[in-house]
Amino acid sequence: MTPDELSRALSAALTSAVADGSLDLPADAVPASVHVERPRQREHGDWATNVALQLAKKAGVAPRALAEELASRLGATPGVKAVDVAGPGFLNITLDAAAAGELARTIVETGAVYGRTDALADQTINLEYISANPTGPLHIGHTRWAALGDAMVRILRAAGADVTAEYYVNDAGAQMDRFGGSVLARIRGTEVPEGGYRGEYVAELGAKVLAEHPEIVDLPDDDALALARESGYRVQLAEIREVLESFGVHFDVWFSERSLHESGAVEQAVERLREQGHVDDREGAVWLRTTDFSDDKDRVLIRANGEPTYFAADAAYYLSKKDRGFPGKIYLLGADHHGYINRLKAISAAAGDDPERNIEILIGQLVSVEGAKLSKRAGNIVELRDLVEWIGADAVRYSLARYPADTPLELAGEEMLKQSNDNPVFYVQYAHSRTCAVDRNAAERQVRRHHDDGADAFDPALLDHPTEAALIGRLTEFPRIVAQAAELREPHRVARYLEALAADYHKWYGECRVLPYPDEPVEAVHRTRLWLNDAVRQVLANGLDLLGVSAPERM
RNA sequence: GCGCCUGUAGCUCAGUGGAUAGAGCGUCUGCCUCCGGAGCAGAAGGUCGGGGGUUCGAGUCCCUUCAGGCGCACCA
C-alpha cells in the first residue's frame with residue numbers, strides 16, 4: 001500500500017462519513033487527497049495524518065471525536081492493520097506487513113524508473129547556471145553551482161519537466177579587453193594593466209597562446225591585443241567545458257553574449273521593450289522603466305555614448321529564452337548578484353510575461369573555505385579542477401549538493417572535503433556496495449529470487465521485523481521526495497533522504513540476515529529479504545544518479 | 001541609510017504549522033566464531049540569537065530587536 005492509496009482511502013472515509021450524515025461538512029471541504037506523513041516516532045505507526053485536527057473546526061466537532069469516526073471507517077480497509085487516535089486527534093496508521101512489503105517487488109520490477117513522477121510534466125524550463133566569465137578557471141564557488149545545478153536538472157527531469165540546461169558565456173564587453181590585455185602582458189613580460197587579471201593561470205594561458213601564435217610578439221599592439229583576447233578566450237572556454245564534462249556536468253546550450261550583439265538582438269530587444277511602453281529616452285541615454293515593476297531605480301539600456309549596457313544584453317537574452325519556447329526560466333545566481341532579482345523580474349514583466357510564473361531566480365550563497373572568501377582576484381583560489389583531482393568528483397559533488405543553495409557554506413577544507421569516511425557520500429555509497437556484496441554472496445549460496453516454476457519467491461508477510469517496516473516505509477517515500485525536491489528546487493532533499501535510507505538499511509542489515517548461516521538451509525524468508533535488498537540497491541542507485549554521483553558495486 | 005540571505009548541540013549543518021528538535025564530525029562506553037566494522041547499539045551535549053504576537057499547536061508564520069554575510073553603476 002502506497003501513501004497515495006492510503007490518502008485516497010482516507011478521502012473515501014471522509015466522503016462516506018459526510019454521505020451518511022455522521023459528519024457535517026460541506027462537500028467542497030473534503031480534500032481530494034489527505035496529507036499523510038511518516039511520524040517521527042516509530043511507535044506512532046507507519047503513517048500519520050492530522051486531517052481530523054484540520055477539519056474539526058469546520059465540522060463543529062471535537063478533533064478526537066472526528067478522528068475516532070475516521071479510525072473506525074479506515075480500520076476496515078484491506079492492508080490496514082491498525083488505526084489509533086493519539087494526542088489531540090492524530091490518526092496513527094499501521095499497515096499489514098504484507099501490504100507494505102509488496103513495495104519491494106514493485107521497486108524491483110520498476111527499476112531505474114522508480115522515483116520518476118509526472119509532478120512537473122506540464123513544465124518546459126530553461127535552467128541557466130554557473131555562467132562564469134570565460135576569463136579564468138572555475139573555482140569552488142562555481143563548483144557549488146555546478147553540483148547543484150546539474151542535480152537540479154536531473155531532478156526536474158525525473159519529475160517530468162522538459163529541461164534545457166544552459167550556460168551564458170559573457171564574452172562581450174570591456175572585461176574581455178582587460179582579459180586580452182592581461183594575457184598579452186604575460187606574453188610580453190610587461191606589467192599587467194590596471195584592473196586586469198593577475199592570477200598565475202593567465203601566464204599559462206599566455207604560454208598556450210604564444211605556442212599557437214608565435215607571431216604575436218611582432219604584431220602591432222591592437223592586433224596583438226585582439227589575438228591574445230580571442231585566442232585566450234578560446235583556450236579558457238574550452239578548458240571550462242572540459243573540466244565540467246569531467247565533473248559530469250553537461251550543458252545543452254552554450255549561449256554567447258557576443259552573439260546577441262552581433263545579431264542585432266540587443267537593439268531589437270530595446271525596440272520590443274519600447275513597443276511595450278516601458279522605455280524612456282533621458283539625459284542622452286535609453287532607460288528601461290523598471291520602477292514600474294518594483295525595482296528601486298530605472299536601469300540604463302543604452303548609454304549616452306551609444307554603447308549598450310550589460311543589462312541590455314540581459315534583456316535580449318531573456319527575450320531569446322522566451323522566443324526559443326521556454327515559459328519557465330530559472331536562473332541560479334550567486335549571492336553577489338542578488339541585486340539583479342528586481343531588474344530581471346522587471347525585464348520579464350516589461351516583456352509582457354508574468355514574473356511570478358515565467359521567471360524564477362534562485363540565489364545561492366557563497367562558499368568560503370575556513371573563513372577565506374574566494375574571489376578571482378584574491379590569491380587563494382581553489383579551482384574546480386584541483387578539487388576534483390584532490391578528493392574526487394563524487395565527494396565534491398555530494399558534499400556541495402547536500403546543502404540548500406541559500407545557506408552560506410563554510411567548508412572546513414581539509415576536514416570536510418577530504419576523501420575519508422567522515423564524508424556522508426561514502427556512507428551512502430557504502431550502503432550501495434554492501435547491497436551488491438549481499439547479492440554476490442546470495443548467488444554463491446544459491447539463494448534464488450524465483451521458484452523453479454518461475455514464480456517469485458517473495459512473501460512480503462515475512463518482512464515483519466521493525467527494521468523492515470522502517471526500511472520499507474523509507475523506500476515508499478522516495479518518489480515524493482524527488483517530486484518535492486523538484487517542486488521546491490531543493491536537490492539537497494534527495495541527498496538527505498539517501499542518508500536516512502542508508503541508515504535504515506545498515507540497521508536492518510545488522511538485525512536481519514539476508515543469507516542463512518552456513519549450516520542452515522535456504523528458506524522463504526531469505527529469498528524474500530533478497531528482494532528487499534534488491535529494492536534498496538535500486539533506490540540508492542536511482543537517488544545517487546539524481547545527484548550525479550556514482551553507485552559503486554565495490555569500494 | 002535601503003534591500004536580500006543567514007543565526008538550531010563544541011564544529012559543519014538538516015528540519016516546506018504537528019507529538020519527546022535530528023544527523024555527521026569531535027568526546028565517552030560496548031559489538032567482528034558466520035551475509036563488507038567505510039557498519040551497528042548506547043552515553044554525554046540545546047534559553048532553536050533576544051523579545052512580543054497569530055492558534056488547539058511555532059525552530060517553522062507576523063512584528064520588533066541584536067549579530068554575521070552580501071548587494072545597492074550610463075562596471076561586467
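In what follows, every chain begins at residue 1, and chains take the letters A, B, ... in the order their sequences are listed. Source: prediction; values computed, not measured.
- Looking at heavy-atom distances under 4.0 Å, A:Asp298 makes no contact with the nucleic acid at all.
- Put simply, CZ on A:Arg496 is 5 Å from C1' on B:A14, counting in whole angstrom units.
- Residues satisfying the side chain to side chain donor-acceptor pair (under 3.5 Å) criterion with A:Trp47, sequence neighbours excluded, are absent altogether.
- At a cut-off of 3.5 angstrom, the base of B:A38 holds no donor-acceptor pair with the side chain of A:Asn423.
- Nearer to the 5' terminus of RNA chain B, by closest-nucleotide assignment, is the contact made by A:Pro404 (compared with the other of A:Pro404 and A:Ile302).
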Strictly under 3.5 Å: I want the nitrogen or oxygen pairs between protein and nucleotides 30-37 of chain B, one per line.
unit_1	atom_1	unit_2	atom_2	d
B:C35	O4'	A:Arg513	NH2	3.1
B:C35	O3'	A:Asn441	ND2	3.0
B:C35	O2'	A:Asn441	ND2	2.3
B:C35	O2	A:Leu515	N	3.3
B:C35	N3	A:Val514	N	3.2
B:C35	N4	A:Tyr509	O	2.5
B:C35	N4	A:Cys512	O	3.1
B:G36	OP1	A:Asn441	ND2	2.7
B:G36	OP2	A:Asn441	ND2	3.3
B:G36	O2'	A:Tyr430	OH	2.4
B:G36	O2'	A:Arg434	NE	2.9
B:G36	O2'	A:Arg434	NH2	3.3
B:G37	OP2	A:Arg434	NH2	2.0

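- The separation of B:C61 from B:G17, taken at their C1' atoms, amounts to 8 Å, rounded to a whole angstrom.
- If you measure from atom CD1 of A:Ile481 to atom P of B:A14, you get 16 Å, rounded to the nearest angstrom.
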Are any protein N/O atoms closer than 3.5 Å to N/O atoms in nucleotides 55-58 of chain B? If there are, list each pair with its distance.
unit_1	atom_1	unit_2	atom_2	d
B:C56	OP1	A:Lys57	NZ	2.4

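- Place A:Asp314 and A:Gly339 on RNA chain B by their nearest nucleotides, and A:Gly339 ends up nearer the 5' end.
- For the pair A:Tyr403 OH and B:A23 P, the interatomic distance rounds to 15 Å; values are reported in whole Å.
- A:Ala172 comes within 4.0 angstrom of the backbone, heavy atoms only, and of no base.
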